[in-house]
**Student:** 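One structure coming up, written as structure tokens, with questions to follow.
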Amino acid sequence: MNFIKVNTYEELSARAAAIICGQVAIKPSCVLGLATGSSPLGTYAKMAEKNRAGEVDFSQVKSVNLDEYVGLDGGHDQSYRYFMNNNLFKNINIDIKNTYVPNGCADDIEAECKAYDELIKSLGGIDLQLLGIGYDGHIGFNEPDSYFEKATHRVTLDPSTIEANSRFFASSEDVPKTAITMGMGGIMSAKRVLLIANGKGKREIVEKAFFGPITPNVPASILQLHPDLTVIYSEN
Ligand code: F6R
């Protein structure tokens, strides 16, 4: 594991964007695994900056996102498709047809999960997966559990995750109770993994996940077994 501690969120974002853009430079048609949440916002802004400056070309890149709420379509301003369109895709020269987010409004959610894993396979797998980490150690929506779930699946969200995400909805009642998430198999199969975390509040879970025992009770801890893991942490 490559653990990088930096002093500011700005530095974290610049480092993460440099790694992602480096991946695109090495392999212009690479598959990027992407995340939503507050952590990658700075990274996405820097990626767009580099794209505008002509330093990186996303025209051949494909992307697969980690997760989506069940019941929210791409037009809903709290859906992860909406988030990605607005915070990254519309700001870079990626072909929107090459961007994939699980369909939270599919008639058959189980079939959608299977199809998503097939899609990732058909793209040749993920070259670099970007992750944030939840306060309970979740990655994607893989919540603490007694085992690691491998495939893309539907999850019931942990009350603490619903609470944390309720800041974006009118009330916690409005937060969807289930979501589709890539499983640990999909994440661990990525050739490279980049996890970013910032803020004093994340310090305890970062210590547990990367310097504590590997347990499904702290889902991110499995990443210690990944052969190419970079973690960037900023306390501020
Ligand atoms: C989002 C996702 C989540 C977040 C995590 C951290 O696609 O997969 O696991 O990465 O909840 O969220 P933030 O960055 O808002 O602290």
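When a ligand or atom number is given, it counts from 1 through the structure's own listing order. These numbers come from a predicted model, not from an experiment. All heavy atoms count here, side chains included; hydrogens, waters and symmetry mates do not.
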**Student:** Looking only at protein heavy atoms, identify the closest one to atom 2 (C) of ligand 1 and say how far it is in Å.
**Tutor:** Asp67 OD2, 3.4 Å
**Student:** Can you tell me the protein heavy atom closest to atom 5 (C) of ligand 1 and the distance?
**Tutor:** His138 NE2, 3.4 Å
**Student:** What's the shortest distance from atom 6 (C) of ligand 1 to any protein heavy atom, and which residue and atom give it?
**Tutor:** Ile133 O, 3.4 Å
**Student:** Would you check the N or O atoms of Tyr80, main chain and side chain alike, for any that come under 3.5 Å of an N or O of ligand 1?
**Tutor:** no
**Student:** Relative to each other, are the rings of Phe211 and Phe3 parallel, tilted or perpendicular (30° and 60° limits)?
**Tutor:** perpendicular
**Student:** Do Glu149 and Val155 come close enough that some side-chain heavy atom pair is under 4.5 Å?
**Tutor:** no
**Student:** What atoms in ligand 1 come closer than 4.0 Å to a heavy atom of Leu66?
**Tutor:** 8 (O)
**Student:** To check your reading of the model: name the closest protein heavy atom to atom 1 (C) of ligand 1, its residue, and the distance in Å.
**Tutor:** Thr36 OG1, 3.0 Å
**Student:** For atom 3 (C) of ligand 1, tell me which residue out of Gly37, Ser38, Gly140, Ser39 has the closest non-hydrogen atom.
**Tutor:** Gly140
**Student:** Identify which one of Leu229, Ile196, Val231, Leu195 satisfies the side chain to side chain contact (heavy atoms under 4.5 Å, CB included) criterion when paired with Leu131.
**Tutor:** Leu195
**Student:** Check each atom of ligand 1 against the heavy atoms of Gly132 and keep those under 4.0 Å away; list them by number with element.
**Tutor:** 10 (O)
**Student:** Quick one: do Arg203 and Glu207 make a salt bridge, cutoff under 4.0 Å?
**Tutor:** yes
**Student:** For ligand 1, which atoms, with element, lie under 4.0 Å from some heavy atom of Lys202?
**Tutor:** 13 (P), 16 (O)
**Student:** So, Lys121 and Glu118, do they make that salt bridge, N to O below 4.0 Å?
**Tutor:** yes
**Student:** To the nearest 0.5 Å, what is the distance between CZ (Phe169) and CD (Gln78)?
**Tutor:** 4.5 Å
**Student:** Quiz question: by atom type and distance under 3.5 Å, do the side chains of Asn93 and Asp57 form a donor-acceptor pair?
**Tutor:** yes
